[in-house]
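Have a look at the structure below before the remarks.
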Amino acid sequence: MKLRDRQDKVERLFSFYKSSKGNPFQESSTVLRGEVDFLGAVLLMSRVDEEHWSGIGRAGIKTGVDSRFRFETAVGDKGSVGIEFVANQKRVASNDGDVLETPLSLSKLFYKANAANGFSAIAIPIGAQVKDLDVASDYSLQEEKGLTDLSLGPPMLHQQTGGAIGVTVRMSNVIASLAQSISGIRNGHCLSTFGQVVCLLPLGLKLSLLGLHRGPKLAGHNIHLGAFSIPVGFSRPFGDAGSRVEASAPPLTPNIPEFGSIALKLDSEFDEYKRLSGWIEMKQANPEHLEWAVNFSDSSEDGYGWGTSLGGILEGPGNWGHFQVESYVKFNQSKRFSLKPGVAYVVNGNTQTLALVLRSNWSI
């Protein structure tokens, strides 16, 4: 109700400027999209220990309630600006014990622009993730989720990148994009580069090559920068002032090594709802460490749908460090509410876990 009230206020503010010439928000309207996602699980394991919990974490079984709301407004003929809020359940300490809280916080601010000749750009000053820059998938709030993270694509797509800006060029059968991001500005900064090439093949196939390179994080002692401050230094100090600065605040030095990942993704759409996809990701630090998954789903909005996924982590030739398989049935109570009961089987090292999972999703 509060979000709706704020949207009405924003609409009145926009309508006040509609009569002015050259107003970018002229004849525009604000669209509110929301999603409330719940996931609960009953975990059956031989014993409760750290190794079993490690397998649950690697499987991506994240229980709890997540809420996400997005306001998006058209700017001009080919642009849009949006803001996104999230409410994630978390525990806080109290005198009477732990208490669950669900604060609403700003998670993303973005601007998208589409130019002529297949050229487009996106700027995300706050809350960027690599998946926001993935041109092979629709940049929307609602996405078809399975029981775990297997259906969400390579792990690199879920890394937080802080602020980012990217450009995309679309040709007949090829889409290429390049993005640069910066994160961790307050206590050091880290630059990342993301690139992607998408080939549109016959029979509705879509082949994507993705690459992410993150430079070393630079951090220094006694350096506290504001949220919108970017440090710029010179290679040589000016006279004695440089020595005094060096004594009080040591220069920025890398404390986290650079790393990168490369991934290959294949998507195939049989019709409007049935989809088969697979991906594999390799780490730069250890080329023998491979993560992979295959997903087959039917996301029909009428009646019921279903989904099946399997994947794992190959830590070396013949060394399966992690393997999991899941399956669920989707019951559509309406076009905006669905229930997904299912089962997931996880093998992590020498441990095995069977999870009975229920996911529900409500969208507005």
Side-chain angles (χ1 to χ4, degrees), residues 1-17 24-25 27-40 60 62-76 79-92 99-114 122-134 137-149 151-153 157-166 181 183 227 299 301 330 332-340 358-364:
M1 295 294 292
K2 291 182 179 179
L3 289 173
R4 284 291 187 182
D5 181 61
R6 292 189 179 187
Q7 182 185 8
D8 293 338
K9 293 180 180 179
V10 173
E11 294 287 357
R12 289 195 295 270
L13 179 64
F14 286 162
S15 63
F16 177 77
Y17 291 101
F25 298 102
E27 301 299 331
S28 64
S29 61
T30 302
V31 178
L32 170 62
R33 296 183 177 91
E35 180 186 42
V36 179
D37 186 76
F38 165 81
L39 190 141
K62 301 174 182 178
T63 59
V65 180
D66 290 329
S67 304
R68 194 174 300 269
F69 304 93
R70 174 180 295 177
F71 298 88
E72 189 168 354
T73 301
V75 179
S80 63
V81 62
I83 188 170
E84 185 176 298
F85 296 91
V86 296
N88 295 322
Q89 196 175 61
K90 66 178 183 179
R91 289 187 175 273
V92 295
V99 178
L100 289 175
E101 284 192 353
T102 310
L104 188 67
S105 60
L106 173 65
S107 64
K108 197 185 303 291
L109 176 65
F110 64 91
Y111 171 75
K112 297 184 294 181
N114 297 315
I122 182 171
I124 311 175
I126 299 175
Q129 283 185 288
V130 178
K131 69 177 182 179
D132 300 328
L133 310 170
D134 180 16
S137 60
D138 183 23
Y139 182 64
S140 60
L141 187 62
Q142 284 82 17
E143 55 184 348
E144 186 66 24
K145 299 178 182 178
L147 304 181
T148 66
D149 290 344
S151 60
L152 302 181
L157 295 179
H158 311 293
Q159 295 192 27
Q160 300 285 343
T161 58
I165 184 170
S181 63
S183 60
S299 57
E301 297 180 355
K330 177 184 177 183
N332 298 300
Q333 307 301 314
S334 65
K335 290 186 177 181
R336 299 186 180 273
F337 181 74
S338 64
L339 290 173
K340 294 180 182 177
L358 174 63
R359 164 162 261 155
S360 65
N361 181 273
W362 176 63
S363 60
I364 58 176

Supply the atom-to-atom distance K330 NZ to K340 NZ, rounded to the nearest 0.5 angstrom. 5.5 Å
One pair to check against side chain to side chain contact (heavy atoms under 4.5 Å, CB included): W362 and F38. What are the steps and the verdict? CA-CA 9 Å; W362 176 63; F38 165 81; over 6 Å; no
Strictly distance-based, threshold 3.5 Å: is any side-chain N or O of E35 a donor or acceptor partner for the main-chain N or O of S363? no
Are the side chain of K112 and the backbone N or O of G82 linked by a donor-acceptor pair below 3.5 Å? no
For G146, is there any backbone N or O sitting under 3.5 Å from a side-chain donor or acceptor partner on R359? yes
Drop me the distance from N361's CG to F337's CZ, to the nearest 0.5 angstrom. 8.5 Å
Shortest non-hydrogen contact between I124 and F110, atoms and distance: CG1-CB, 3.9 Å
If you apply the rule side chain to side chain contact (heavy atoms under 4.5 Å, CB included), what do you find for D132 with K108, and how did you get there? CA-CA 10 Å; D132 300 328; K108 197 185 303 291; 2.7 Å; yes
For A164, side-chain contact (heavy atoms from CB on, under 4.5 Å) partners two or more places apart: A128, L133, T161, S181
Write down the atom of G153, the atom of H158, and the distance for their closest heavy-atom approach. O-NE2, 3.9 Å
side-chain contact (heavy atoms from CB on, under 4.5 Å) with S105: which residues, sequence neighbours excluded? V86
Which heavy atom of L147 sits nearest to which heavy atom of L39, and what is that distance? O-CD1, 3.4 Å
Any side-chain heavy atom of K131 sitting closer than 4.5 Å to one from L152? no
Using a strict cut-off of less than 4.0 Å between a Lys/Arg side-chain nitrogen and an Asp/Glu carboxylate oxygen, indicate whether D149 and K62 qualify as a salt bridge. yes
Would you name the heavy atoms of R68 and S107 that are closest together and state the gap between them? NH1-OG, 4.3 Å
Could you tell me the separation between the CG atom of L106 and the CD atom of E84, rounded to the nearest 0.5 Å? 9.0 Å
